[in-house]
Amino acid sequence: MSPVEVLASQLKSDRGWTDHLATEFREPYMHALAEFLAAEEQAGKVLFPASKHCFNALNSTPLDKVSVVILGQDPYHGPGQAHGLCFSVRPDVPPPPSLVNIFKEIDSDLGIPAPDHGCLQPWADQGVLLLNSVLTVVQGEAGAHQGQGWETFTDRVIETVNREREGVVFLLWGSYARKKGRHIDRQRHLVLEGPHPSPLSAYRGFFGCRHFSQTNDWLQQKGQPSIDWTLPSKAELIARYRN
């Protein structure tokens with residue numbers, strides 16, 4: 001298979017996304033991106049997440065189940081961290097600072113204590129699309145794959161949700177995410193904006209934003225299931241996804 005065919009094969013065909021995104025894999029930018037990623041791997045670079053997990057956000061949350069979108073920027077670039085869901089890390093990896101602050105806000109907002117891990121897969125399974133703007137990175141090189149085409153692809157993902165779904169809550173934290181979501185139809189969807197949860201900016205208004213309770217209030221008003229922001233313990237989580 002060609003590099004773009006290999007890349008396309010990582011997107012599961014039964015999640016509803018391929019009906020709207022298949023044409024992207026025929027675009028020149030995606031051919032160039034796929035060839036770039038293949039060349040990076042051939043050069044011996046370690047990519048995070050592994051290529052088979054780069055579409056984990058889309059594969060975890062079918063289009064017809066999306067009720068919330070959280071936008072991130074780049075995958076984590078430390079060993080074992082990134083697994084294709086923004087802000088999330090594998091269960092055996094300590095939560096990074098931004099995620100620690102997300103858990104602090106959830107505790108303040110909803111009285112849900114922080115879990116003993118940082119894996120957000122249960123949120124994705126409930127309809128929270130945890131989408132990074134760039135879907136791969138090189139180990140130890142933050143932002144290494146910016147400007148290679150991922151941003152265009154994830155713009156198409158956002159456009160698809162905006163067009164095909166109704167009453168979605170978009171959580172846009174930080175200036176990058178706000179710019180990324182500038183074309184969302186705010187007559188049809190709820191857009192909640194705030195500072196990034198990074199330790200550098202969380203005290204400028206992320207803490208106290210109450211985005212998680214506002215999200216559930218909106219979903220309930222629309223007759224949709226609210227999100228259970230409680231995460232199982234690490235032991236429960238590992239057992240759940242092992243089976």
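Any value given below was found using the heavy atoms of this structure, including those in side chains, with hydrogens, waters and symmetry copies removed. Count residues from 1 along the sequence.
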**Request:** Look up atom OG in S98 and atom CD in Q73, then write down how far apart they are to the nearest 0.5 Å.
**Result:**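 So the gap between those two atoms works out to 11.0 Å.
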
For [X], give me all partners under ring-ring contact (aromatic ring centres under 6.0 Å, His included), at least two apart in sequence or on another chain.
| X | answer |
| --- | --- |
| F25 | F153 |
| H189 | F170 |
| Y203 | F207 |
| H196 | F87 |

My understanding is that only residues two or more places apart in sequence, or in another chain, count here; which of them pass salt bridge (charged side-chain N to carboxylate O under 4.0 Å, His left out) with [X]?
| X | value |
| --- | --- |
| K104 | none |
| D217 | none |
| R210 | D109 |
| E24 | R156 |

**Asked** Would a distance-only check, ignoring hydrogens and angles, find a side-chain to backbone donor-acceptor pair under 3.5 Å from N101 to P197?
**Response**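 The answer is yes, because a donor-acceptor pair under 3.5 Å joins these two groups.
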
**Item:** Summary of side-chain hydrogen bond (donor to acceptor under 3.5 Å, both in side chains) pairs that have at least one residue in residues 166-176, sequence neighbours excluded
**Value:**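 For residues 166-176, and leaving out neighbouring residues, the side-chain hydrogen bond (donor to acceptor under 3.5 Å, both in side chains) pairs sorted by first residue read S133-Y176, E166-R188, W173-H211.
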
**Request:** Check the pair K222 / S67 against side chain to side chain donor-acceptor pair (under 3.5 Å), numbers first and verdict last.
**Result:** CA-CA 10 Å; K222 296 294 181 181; S67 60; over 6 Å; no

**Request:** Please determine, by modelled atom types, if W150 and T136 share a side-chain donor-acceptor pair under 3.5 angstrom.
**Result:**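 Yes, a side-chain donor-acceptor pair sits under 3.5 Å.
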
**Message:** Regarding Q126 and D228, do their side chains bring together a donor and an acceptor under 3.5 Å, going by distance alone?
**Reply:**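 Side-chain D/A pair, Q126 to D228: absent.
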
Give the table of side-chain donor-acceptor pairs shorter than 3.5 Å for residues 113-122, with sequence neighbours excluded, one pair per line with atom names and distance.
from : atom 1 : to   : atom 2 : distance (Å)
D116 : OD1    : K234 : N      : 2.8
H117 : ND1    : C119 : N      : 3.0
H117 : NE2    : P232 : O      : 2.6
Q121 : NE2    : S60  : OG     : 3.0
Q121 : NE2    : D125 : OD1    : 3.2

**Request:** If you link ILVMFWY side chains whenever their heavy atoms are less than 4.5 Å apart, which other residues fall into the same cluster as L200? By chain and number, please.
**Result:**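 Result for L200 is none, singleton.
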
**Request:** Keeping to residues at least two apart or across chains, list the ring pair (Phe, Tyr, Trp, His ring centres under 6.0 Å) pairs with something in residues 214-238.
**Result:**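 Ring pair (Phe, Tyr, Trp, His ring centres under 6.0 Å) check on residues 214-238 returns W123-W229, F212-W229.
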
